[in-house]
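Report on the following structure.
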Amino acid sequence: MPASPSTYQLDEALKRYFGHDSYRPLQKEIIDETMSGRDVFALLPTGGGKSLCYQLPAIVDKGLTVVISPLIALMKDQVDGLEANGIHATYLNSSLNKTDARQRYAKLFAGDYKILYVAPERLMLSGFLEDLRQWNVSRFAVDEAHCISEWGHDFRPEYRQLSKLRNFFPDTPFMALTATATERVRNDIVLQLRLKEPKSFVASFNRPNLAYRIETKQAVFRQILKFIQSKPFESGIVYCYSRKATEQLAERLQQNGVEALPYHAGMTPKKRAENQEAFIRDECKVMCATIAFGMGIDKPNVRYVIHQDLPKNIEGYYQETGRAGRDGLPSDCLLFFSPGDVAKQLQFIAEISYPKEREVAKDQLRQMVHYAESRDCRRKVLLGYFSEEWTAGNCGNCDNCLEPKQSFDGTLPAQKFMSCIFRVSQVSSFGVGVNHIVDILLGSKNEKIRKWGHDRLSTYDIGQEHKRNEWQAFGRELIREGYIDQNAEAFGTLSLTGKGKQALRERSPIQLTRPALAAQKPAKAQASTGSIECDEDLFTTLRAVRKEIADEKGVPAYIIFSDVSLREMARDYPVNEDQLTEISGIGIKKLEAYGETFIEAIKEYLAANPDAERFNEG
Ligand code: ADP
Ligand code: ZN
């Protein structure tokens with residue numbers, strides 16, 4: 001076995017080809033392990049930098065690295081990105097015409113490429129594995145490796161074929177990479193790919209640059225519009241519950257001057273591809289989408305992900321919000337929450353025919369609601385879901401940490417609410433939901449109340465000191481805290497749990513969350529994690545330069561330079577090549593290709609704005 005390349009070589013290649021000075025967490029360890037010839041399993045969150053883990057070894061090692069990916073649509077962008085960094089790469093898939101494919105094969109036989117992207121079905125085409133044997137394969141990297149497992153959320157039968165690969169290449173190192181895997185899926189991946197005593201790496205799921213925030217859903221369109229208008233130049237995704245909702249939202253946003261498009265599985269593949277392309281190319285700022293959108297979106301500068309409706313489970317929510325801020329710059333995750341959404345979902349769940357499945361769905365929803373209504377740090381709850389402990393205390397980047405909700409002695413309202421449920425159960429043989437209890441407490445004269453005689457209960461009209469939405473919130477909190485049970489199968493009817501009965505009997509003290517103030521405080525100005533403060537005017541100028549080059553080349557803007565590179569330029573004002581190499585993300589190839597253009601743009605800007613350089617002095 002040849003001596004493995006030194007750390008020096010790797011670090012040098014990192015700077016030379018990618019323009020980076022340091023590694024993201026676990027990248028170095030993963031790279032060292034695969035370079036030593038060992039099989040590797042790597043679980044890194046989205047944005048964790050999985051690609052570099054096989055790209056850097058590919059450059060330094062002799063031979064060809066074969067990357068297996070299910071995302072055919074992404075292959076071209078990935079190859080463009082590599083070529084832009086001066087790394088010879090190609091892909092083979094069904095989108096190529098004969099001549100093009102033949103040329104690529106010829107170059108593969110000639111050993112011209114360092115990296116080849118293929119879909120799993122290609123590997124199994126007759127003769128392909130035999131060809132591969134002649135291409136001096138140094139390593140296989142299986143991306144989105146969870147697709148191989150039936151236990152995962154994105155099982156792809158074609159991936160199962162990959163278990164044959166090992167027979168053909170018993171001694172070639174394998175890497176399995178994924179951003180989603182439970183313990184069970186993890187074991188399955190190792191088994192299915194027949195990894196040999198793999199070294200496993202599991203990174204933290206924390207995404208420090210993502211700010212999590214939950215808002216009460218009121219006039220949700222206004223709320224969304226206001227948020228989007230506060231970031232006129234940024235790209236974002238708004239997830240909606242239904243296909244129709246994506247179209248309606250996109251249309252209303254357009255009417256309000258926002259470049260928005262819909263995306264959902266009911267559209268023709270052509271239309272879907274067009275809209276996705278427009279988003280990636282920054283021609284459309286806002287994608288209004290169902291959860292069908294996102295897998296295979298590599299766009300690193302998605303600056304916000306909004307959930308217009310409550311997601312079904314935390315796993316999905318985490319994946320969807322994870323598409324924001326892959327480049328590490330501060331990005332927002334905003335969820336609009338309304339109790340009505342919970343009731344709606346409970347109704348859907350009640351229609352699921354298999355009891356087991358129904359229970360799972362209910363439990364997942366319960367955890368989601370807990371996340372939305374909890375007073376705890378959002379990050380702590382999210383990571384807890386993935387069995388990761390958050391011990392750092394205040395995260396400084398979620399609404400609950402930035403504007404803590406206060407609790408108060410809610411014994412009295414809790415007693416009123418619970419005894420109302422108890423009184424109803426004494427006179428009526430059926431259960432009632434949260435809203436009906438609130439109606440009784442507020443002395444409503446609606447038909448049901450009169451028909452059922454609930455206006456004669458001792459708890460009728462004893463709750464005027466709180467508003468309707470406050471009572472609803474108390475009710476939900478008591479459910480969450482286990483005092484009240486809400487029956488999903490029976491339209492969300494309420495009953496007291498053992499804990500609730502005991503608390504009612506013993507008048508135990510109960511803490512409740514103080515109702516939010518009517519006017520929301522604006523978020524404090526703060527330098528959030530990962531931020532690069534810079535001259536925003538210059539950043540805007542450079543962004544325009546980048547867009548022009550990207551359009552001319554027919555590639556997405558981020559292939560030219562990342563937002564990180566542009567922000568660093570707008571902070572440091574590099575005016576010669578030496579200074580420009582100091583900027584992160586600028587390797588030799590990009591320096592040659594675009595260095596001069598950007599240096600000129602910066603010089604021009606400085607000439608026109610002689611005061612600008614003060615930015616980084618104070
Ligand atoms: P993943 O596939 O894990 O979601 P990517 O490989 O797409 O992540 O990388 C996410 C972003 O992080 C990309 O924009 C990439 O350029 C950047 N990145 C990766 N590694 C580094 C590093 N060591 N230093 C700086 N940026 C990095
Ligand atoms: Zn927090």
Side-chain angles (χ1 to χ4, degrees), residues 10-11 13-15 17-31 42-56 67 69 71 74 77-78 81-82 84-85 87 141 143-145 175 177-180 201 203-214 294-302 319 322-329 331 333 371 374-384 390-405 526 528-530 532 556-568 583-587 590:
L10 283 170
D11 294 353
L14 182 68
K15 182 73 191 163
Y17 289 95
F18 298 95
H20 300 321
D21 293 313
S22 59
Y23 296 91
R24 293 255 174 96
L26 296 184
Q27 280 180 331
K28 182 77 168 75
E29 290 84 343
I30 292 168
I31 290 169
L43 174 57
L44 262 58
T46 305
K50 281 181 283 297
S51 330
L52 191 87
C53 296
Y54 54 79
Q55 289 172 350
L56 197 58
V67 184
S69 161
L71 308 169
L74 261 185
D77 282 350
Q78 271 156 345
L82 285 165
N85 282 331
I87 302 156
D143 209 356
E144 314 288 349
M175 302 178 83
L177 306 117
T178 173
T180 34
F201 295 94
S204 166
F205 271 55
N206 182 30
R207 301 280 311 275
N209 60 318
L210 300 189
Y212 301 99
R213 187 170 285 277
I214 312 251
M295 173 90 167
I297 299 300
D298 239 355
K299 192 173 163 55
N301 58 347
V302 174
Q319 292 304 332
R323 289 169 190 140
R326 287 169 90 125
D327 55 11
L329 291 174
S331 307
C333 308
Y371 169 78
S374 168
R375 252 174 284 162
D376 261 348
C377 170
R378 308 287 181 202
R379 205 170 296 280
K380 182 175 162 196
V381 180
L382 273 184
L383 293 177
W390 174 259
T391 49
N394 190 312
C395 83
N397 206 13
C398 80
D399 52 356
N400 283 345
C401 286
L402 291 169
E403 302 128 30
K405 293 202 183 68
Q526 31 125 14
S528 13
T529 315
I532 299 171
Y558 64 79
I559 300 268
I560 308 298
F561 280 133
S562 69
D563 281 11
V564 173
S565 302
L566 293 198
R567 293 192 77 86
E568 286 192 10
I583 302 293
S584 127
I586 306 188
K590 286 190 178 172

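Note that the structure is predicted; figures quoted are calculated from it, not measured. Both ligands and their constituent atoms are indexed starting at 1 by order of listing. Side-chain atoms are counted along with the backbone in the values below, which use heavy atoms only and exclude waters and symmetry mates.
- Of the candidates Gln27, His20, Gln55, the one placing a heavy atom closest to atom 24 (N) of ligand 1 is His20.
- For atom 3 (O) of ligand 1, the choice among Arg24, Lys50, Gln78 with the nearest heavy atom turns out to be Lys50.
- Against a heavy-atom cut-off of under 4.0 Å, Thr46 is close to the following atoms of ligand 1: 4 (O).
- Every atom of ligand 1 is numbered from 1 in the order shown, and the set under 4.0 Å from a heavy atom of Ser22 is 22 (C), 23 (N), 24 (N).
- Residue Tyr23 approaches ligand 1 through these ligand atoms, each under 4.0 Å from one of its heavy atoms: 23 (N).
- For atom 13 (C) of ligand 1, the nearest protein heavy atom is 4.0 Å or more away.
- Listed by chain and number, the residues in a side chain to side chain donor-acceptor pair (under 3.5 Å) with Gln78 are Asp298 (sequence neighbours excluded).
- Nearest heavy atom pair, residue Thr46 against residue Gly322, reads CG2-O, 3.5 Å.
- Nearest protein neighbour of atom 2 (O) of ligand 1, counting heavy atoms only, is Arg326 NH2, 3.4 Å.
- Screening the protein for N, O or S atoms under 2.8 Å from the Zn ion (ligand 2) yields 4; no waters enter the count.
- For ligand 1, the atoms lying closer than 4.0 Å to a non-hydrogen atom of Pro45 are 3 (O).
- For atom 9 (O) of ligand 1, the closest heavy atom belonging to the protein is Gly49 CA, 3.6 Å.
- Heavy-atom distances between Ser584 and ligand 1 stay at or above 4.0 Å for every pair.
- A donor-acceptor pair under 3.5 Å is absent between the side-chain atoms of Lys590 and the main chain of Gly585, judged by distance alone.
- Going from atom CG of Leu177 over to atom CG of Leu43 covers 10.0 Å, rounded to the nearest 0.5 Å.
- Every atom of ligand 1 with a heavy atom of Ser51 under 4.0 Å away is listed here by number and element: 2 (O), 5 (P), 6 (O), 7 (O).
- For atom 19 (C) of ligand 1, the nearest protein heavy atom lies closer than 4.0 Å.
- By the side chain to side chain donor-acceptor pair (under 3.5 Å) test, Ser374 pairs with no residue at all, sequence neighbours left out.
- A distance of 14.5 Å separates CZ of Arg378 from CG of Leu210, quoted to the nearest 0.5 Å.
- Atom CG in Leu329 sits 7.5 Å away from atom OG in Ser562 (nearest 0.5 Å).
- Taking a 4.0 Å cut-off on heavy atoms, Gly48 registers as neighbouring ligand 1.
- Applying the side chain to side chain donor-acceptor pair (under 3.5 Å) rule to Asp143 yields no partners; only residues at least two apart in sequence or on another chain are considered.
- No side-chain donor from either of Tyr212 and Asn400 sits under 3.5 Å from a side-chain acceptor of the other.
- By the 6.0 Å contact criterion, NZ on Lys299 is enclosed, its count of non-hydrogen atoms from other residues, nucleotides or ligands being greater than 12.
- Without hydrogens or angle criteria, Glu29 side chain to Phe201 main chain gives no donor-acceptor distance under 3.5 Å.
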